[in-house]
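All remarks here apply to the structure that follows.
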Amino acid sequence: MIVLQILLLGILLLVIPTWVGSIFAGVEKDTCKLPFSWISGQIMLWAGFQIMCVPLILMERSFTLVQQCFLIYMGVLVLLALVVRRLRRRKSSGSFRVLKGESKVNKWCYLLWGVFGVLVLLQLVLAGLLAYEEGDDAFYVAVSSITAESDTMYMILPYTGFATGLDARHGLAPFPIWISFLTRVSGIPAVTMAQIIVPIVLIVMAYAIYYLIGSRLLANSKSMLPLFMIFVAIIILFGGYSVYSAENFLLVRTAQGKAVIANIIIPFLFLLFLYMLERLQKGDKIGIGYWSLTALTMIAACLCSTLGTLLICLLLGIMGVCTVATYRKWKILIPMVLCCIMPVCYALLYLRLS
């Protein structure tokens, strides 16, 4: 039974996102397509979950309906990815190779990657075996558990278990409901899901994003990439100088939406900005696939936190101003504004309900 549950979670958290993310394989030609497909696919799933879940929460529908709708959504995306692959008429292969294109590999490079692997493994073990009971878990983990058991969403007060009115404020950022979905489908308790399984997956995802960023920044010196990753791992490992630091959120509050937006959404958005600036520098056209992925990332931020609606729009706005000032391309503001439509709508809805 446990093996079946783990296999099912592997399909939900690894296989399906990677397959769905292959839709965006043409956004940017990267040396490591597999991690990019995995992350972009998960972003697409999160965005769809946000769009479907929030209206059903406000209409006070059952969690079972959300589960059914999201399963249908995942099935449609899997079929869409299959169609896109057939239309491209070529096979896209993922690779985690670090030194692609180099004829000789320094033996020290393998040693450095081994050191990085040990550091990441240490963090995963600490996150799994020494799960820290952070104060906010009394709310978020309880919401995930109550949702899976009671089939209601934000209608029961997690601190007491009594029925209450709709908590629309938290309902606009239903990341705990996504954890409830994983709990309901796999059969694993919500506490185990939120404290052990999801943190392990999200920590690996965060490092995959830094790997993609490093592979672009060090494109001309791939042998320095493992040093970059070791440096990132050390910063995260010793980043607990405050309970509010992004590093502390990654290792301690991993399954909370605030941690996801700080360590996955925003770094991934910076990666997309890096792709955009490289294309502008070369004079290449930025296609609709790039802007679609950017818009989905903005919506996924809304799933993680209501504050994410403001932070993401502010970040994209600053990026737009800097881009216009540097490259004198005013038209680029149009797709940026379009990417902000959904977050702005959620922000206005928050003001209306609060």
[atom2] on [Y] to [atom1] on [X], rounded to 0.5 Å:
{"X": "Met224", "Y": "Leu218", "atom1": "CE", "atom2": "CG", "answer": "7.0 Å"}
{"X": "Met59", "Y": "Leu166", "atom1": "CE", "atom2": "CG", "answer": "11.5 Å"}
{"X": "Ile213", "Y": "Phe270", "atom1": "CD1", "atom2": "CZ", "answer": "8.5 Å"}
{"X": "Leu126", "Y": "Leu237", "atom1": "CG", "atom2": "CG", "answer": "7.5 Å"}

Ile288 atom CD1: more than 12 heavy-atom contacts under 6.0 Å:
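At most 12 heavy atoms, drawn from other residues, nucleotides or ligands, come within 6.0 Å of this atom.
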Counting only heavy atoms not in Tyr327, do more than 12 fall under 6.0 Å of its OH?
yes
Within the structure provided, determine whether [X] and [Y] are in side-chain contact (heavy-atom separation under 4.5 Å).
{"X": "Met153", "Y": "Pro174", "value": "no"}
{"X": "Leu333", "Y": "Trp330", "value": "yes"}
{"X": "Arg279", "Y": "Tyr290", "value": "no"}
{"X": "Leu280", "Y": "Ile332", "value": "yes"}
{"X": "Trp113", "Y": "Leu225", "value": "yes"}
{"X": "Leu269", "Y": "Met319", "value": "no"}
{"X": "Cys69", "Y": "Leu65", "value": "yes"}
{"X": "Val143", "Y": "Ile177", "value": "yes"}

Which other residues belong to the hydrophobic cluster containing [X], where Ile, Leu, Val, Met, Phe, Trp and Tyr are joined when side-chain heavy atoms lie under 4.5 Å apart, directly or via other members?
{"X": "Ile6", "answer": "Ile2"}
{"X": "Tyr241", "answer": "none"}
{"X": "Val3", "answer": "none"}
{"X": "Ile72", "answer": "Val76"}

Within the side chain of Ser145, is there an N or O that forms a donor-acceptor pair under 3.5 Å with the backbone of Ala142?
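Checking the backbone N and O of Ala142 against the side chain of Ser145, no donor-acceptor pair under 3.5 Å is found.
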Using a 3.5 Å distance criterion without hydrogens, assess whether the side chain of Trp19 forms a donor-acceptor pair with backbone atoms of Ala81.
no
Side chain to side chain donor-acceptor pair (under 3.5 Å) partners of residues 291-304, not counting sequence neighbours, each pair once:
none
Could you list all the side chain to side chain donor-acceptor pair (under 3.5 Å) pairs where at least one residue sits in residues 60-69, not counting sequence neighbours?
Thr64-Asp151, Thr64-Arg184, Gln67-Arg184
Pairs touching residues 190-204 that satisfy salt bridge (charged side-chain N to carboxylate O under 4.0 Å, His left out), sequence neighbours left out:
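Every pair satisfying salt bridge (charged side-chain N to carboxylate O under 4.0 Å, His left out) with a residue in residues 190-204: there are none.
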Check: Phe70 ring centroid to Phe181 ring centroid under 6.0 Å:
yes
Test side-chain contact (heavy atoms from CB on, under 4.5 Å) applied to Tyr275 and Phe36, step by step
CA-CA 12 Å; Tyr275 289 159; Phe36 184 82; 3.6 Å; yes
Step by step, would you call Phe268 with Ser40 a side-chain contact (heavy atoms from CB on, under 4.5 Å)?
CA-CA 9 Å; Phe268 187 69; Ser40 58; 4.3 Å; yes
Minimum heavy-atom separation for [X] and [Y], please, with both atom names.
{"X": "Ile51", "Y": "Tyr346", "value": "CA-OH, 3.7 Å"}
{"X": "Ser186", "Y": "Leu182", "value": "OG-O, 2.6 Å"}
{"X": "Leu316", "Y": "Cys340", "value": "CD2-SG, 3.6 Å"}

Would you list the atom pairs, donor with acceptor, under 3.5 Å between side chains in residues 200-210 and any protein atom, with sequence neighbours excluded?
unit_1, atom_1, unit_2, atom_2, d
Tyr207, OH, Gln123, OE1, 2.7
Tyr207, OH, Gln123, NE2, 2.9

Quick check on the hydrophobic clustering: are [X] and [Y] connected, directly or via other members, by side-chain heavy-atom contacts under 4.5 Å?
{"X": "Met276", "Y": "Leu271", "value": "yes"}
{"X": "Ile188", "Y": "Val191", "value": "no"}
{"X": "Val141", "Y": "Met193", "value": "no"}

Residues which pass side-chain contact (heavy atoms from CB on, under 4.5 Å) with Thr326, listed by chain and number, not counting sequence neighbours
none
Run the side-chain donor-acceptor check on residues 41-50: report pairs under 3.5 Å with partners two or more places apart or on a different chain.
unit_1, atom_1, unit_2, atom_2, d
Gln50, NE2, Leu172, O, 3.1

Taking only distance into account, with no hydrogens and no angle test, what donor-acceptor pairs under 3.5 Å do side-chain atoms of residues 247-258 form with protein atoms, sequence neighbours excluded?
unit_1, atom_1, unit_2, atom_2, d
Arg253, NE, Glu134, OE2, 3.3
Arg253, NH1, Asp136, OD2, 3.4
Arg253, NH2, Glu134, OE2, 2.9
Thr254, OG1, Leu250, O, 2.3
Gln256, NE2, Glu134, OE1, 3.1
Gln256, NE2, Asp137, OD1, 3.0
Lys258, NZ, Asp136, OD2, 2.7

N/O donor-acceptor pairs under 3.5 Å from side chains in residues 306-314, not counting sequence neighbours:
unit_1, atom_1, unit_2, atom_2, d
Thr309, OG1, Thr306, O, 2.7

